[in-house]
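Please read the structure below before turning to the comments.
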Amino acid sequence: MTSPKTRVRFAPSPTGPLHIGGVRTALFNYLFARHHGGDFLLRIEDTDQSRYVPGAEEYILEALAWCGIKIDEGPRERGVHAPYRQSERKALYAAYAQQLIDSDNAYYAFDTPEELDALRNNAEAHGGTFTYDNSTRKGLKNSLTLPGDVCQSLLASGEHHVVRFKMPENRIVEETDLIRGHVQFNTDQLDDKVLFKSDGMPTYHLANVVDDHLMEITHVIRGEEWLPSMPLHILLYEAFGWKATMPQFAHLPLILKPVGKGKLSKRDGDQMGFPVFPLAWKDPKTGENYRGYREDGYLPDGLINMLSLLGWNPGTEQEIFSMEQLIEAFSLDRVGKSGSRFDPEKTKWFNHQYLIRHSDYELARSFLPYLEAKGIEVPFDLVVKVTGLVKERCHFAYEIWDQGFFFFQAPVSYDEKIVSKRWKDGVPGMMAGIAGFFRTVATWHAPEIKEPFSQYVTEKGWNFGTIMNSLRLCLVGGSFGPDIFEICEIIGREETIARIELAVRTLHAE
RNA sequence: GGUCUGUUCAUCUAAGGGUUAGGAUUCAAGAUUUUCAUUCUUGCCAUAGGGGUUCGAAUCCCCUACAGACUACCA
């Protein structure tokens, strides 16, 4: 018997933008699938219509695409198991709920939300908690307690009801989690979860088990927050008689806030100054805007690389990985069990690593929009050249401007600290001399400027530190930038001289 | 409260009974760059606590502490 093809799914609910933890879950699923030559499916879990947010599904699709996570089967890709949106599979679930009722694994419950709330509040008032489980179900309004004919007439009259799972009594449910190893639960601690809601939709628990079965999912890789419901899911597979083909489970550790307590949440980003979403998002209801990695200038491969190392490690000291290398190296048994704090600083470092690895041409292209926003039009060749010269000093593409704006326009101001430090008596005269000297340079190429320049300064007996730093101040307006002769070459002889003359005219020596 | 899960430098992590507990990020210092950044070198910094088991424990067991998740007709 050959083992079935590996099939995994990422199953977000379209209740808002996908956050970075969701991206990591999707990534690990994707890497696992690709590593084993299997399929990666996207299933939209929109069984809660009240929480549906317009645009969320499109956001998820766009975010995954931006990250380079490719979907084999999903709402857009289709596939033999279509549809991939649970709202469109609605008709399917009732029959499965019925199957569970017929086999005495589930029952109808007629208690209203108000009645249940009252029970909960009452229990809390007495310092306890109310749970709908095998100890309380005997005293509630359901098909286990109501006479058969009463029950039938309630159903026939269209009385609102839900279907609940009949949790077995005192059973140990055991399972081997691919990340956590052996875990076990006693069913007495578990409640009779709602499987089918009064609005005619299944809950997550029913839908996810039915769909995973139907879609031939072999491995369920999801966040740790699902661990407590694993026994219910296992019991459902059993009740349906699907135990033999039940997927294996792997529960990923959580991603925690950089500081403070708890898991990373939506609001942390703006409060702590980094994005928690891959793409920017505007909440259609509140109108609030959230920053995104893409809009903040992060490169997707750097973000993916950083995320891959949150909870997983290759066991070697390599830490720069392309998607292909991640696929090659990834395995679930190198995923840790404990939660990881998200580190915005390291994310920046990864971005820098990817930035300097990008070709000058590619990087120049992503810098172009920033340049255009400044209203600057220059030949693309120049942008590429400048990019190559300054990219090592940048963490983000937009910083090419901060590091190299003087290639595109004369400095509009001079750094006062540097002026008072460098622009001493006598310096303007020396600079005027340099300007004059530049007119005599035969070939305007960096090395051919540098050589006679050094001779000239030596002959004059001037101090090199003074000359170089002052010249830099004239050309860039401060004390930064790449090699000074490279700057001269690129901006050209006339511009170089003009900037020196401008500085001599405007700056006053102490 | 109950159930489940976890705990190695500030942060991400390695070491699956035997190493001076390794690497990376951050931070600091030095070198290089007659500038800034990069780069390089160095430094700082950890096995939550207590009991076992063992010749030997970060690693196996127990207890405590702390942390997190879950405890909806949400996923």
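Order of the sequence lines fixes the chain letters, A, B, ..., with proteins taken first and strands second; residue numbering starts at 1 for each chain.
Atom CG of A:N305 is separated from atom P of B:C12 by 17 Å (rounded to the nearest Å). To the nearest angstrom, C1' of B:U33 lies 13 Å from CD1 of A:I487.
Pairing for B:G68 is with B:C4, a Watson-Crick or G-U wobble pair whose two hydrogen-bonding atom distances lie under 3.5 Å.
Here the straight-line distance linking atom NE2 of A:H251 with atom CD1 of A:I221 works out to 10.5 Å at 0.5 Å rounding.
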Scan nucleotides 21-23 of chain B against the protein and return all N/O pairs shorter than 3.5 Å with their distances rounded to 0.1 Å.
residue : atom : partner : partner atom : Å
B:G23   : O4'  : A:E317  : OE2          : 3.1

Protein-nucleic acid N or O pairs under 3.5 Å, nucleotides 43-45 of chain B:
none

Under 3.5 Å, sequence neighbours excluded: what are the donor-acceptor pairs made by side chains of residues 396-410 of chain A?
residue : atom : partner : partner atom : Å
A:E399  : OE1  : A:H395  : N            : 2.6
A:E399  : OE1  : A:F396  : N            : 3.4

Donor-acceptor contacts, no H, no angles, side chain residues 455-462 of chain A, under 3.5 Å, sequence neighbours left out:
residue : atom : partner : partner atom : Å
A:Y456  : OH   : A:G433  : O            : 3.2
A:T458  : OG1  : A:S454  : O            : 2.6

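Rounded to whole Å, the C1' atom of B:G43 lies 14 Å from the corresponding atom of B:U26. Using C1' as the reference atom, B:C60 and B:G68 are 25 Å apart when rounded to the nearest Å. Nucleotides B:U5 and B:A10 place their P atoms 28 Å apart, quoted to the nearest Å. With both ends at atom C1', the span from B:A65 to B:U13 equals 24 Å, rounded to whole Å.
Sorted by first and then second residue, the salt bridge (Lys or Arg N to Asp or Glu O under 4.0 Å) pairs involving residues 463-489 of chain A (not counting sequence neighbours) are A:K385-A:E489. Listed by first then second residue, pairs satisfying salt bridge (Lys or Arg N to Asp or Glu O under 4.0 Å) with a partner in residues 224-236 of chain A read A:R180-A:E224, not counting sequence neighbours.
Across the interface with RNA chain B, nearest-nucleotide mapping of A:R334 and A:Q189 shows A:Q189 to be the residue nearer the 5′ end. Between A:W312 and A:Q403, it is A:W312 whose nearest contact on RNA chain B lies nearer the 5' terminus.
Checked against B:U25, B:G6, B:A14, the side chain of A:D343 finds its nearest nucleotide in B:U25.
A:F330 and A:F28 have their aromatic ring centers within a separation under 6.0 angstrom.
Checked against ring pair (Phe, Tyr, Trp, His ring centres under 6.0 Å), A:F165 has no partners two or more places apart in sequence or in another chain. Annotation: salt bridge (Lys or Arg N to Asp or Glu O under 4.0 Å) contacts of A:D283 (sequence neighbours excluded): none. Residues satisfying the salt bridge (Lys or Arg N to Asp or Glu O under 4.0 Å) test with A:R137, not counting sequence neighbours, are A:D192. Every residue two or more places apart in sequence or in another chain that forms a ring pair (Phe, Tyr, Trp, His ring centres under 6.0 Å) with A:F485 is listed here: A:F453. A:E362 is linked by a salt bridge (Lys or Arg N to Asp or Glu O under 4.0 Å) to nothing, counting only residues two or more places apart in sequence or in another chain.
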Along nucleotides 66-75 of chain B, 5' to 3', which nucleotides get a B, which get an S, and which get a -, given that the test is a protein heavy-atom distance under 4.0 Å?
-SBSS-SBBB
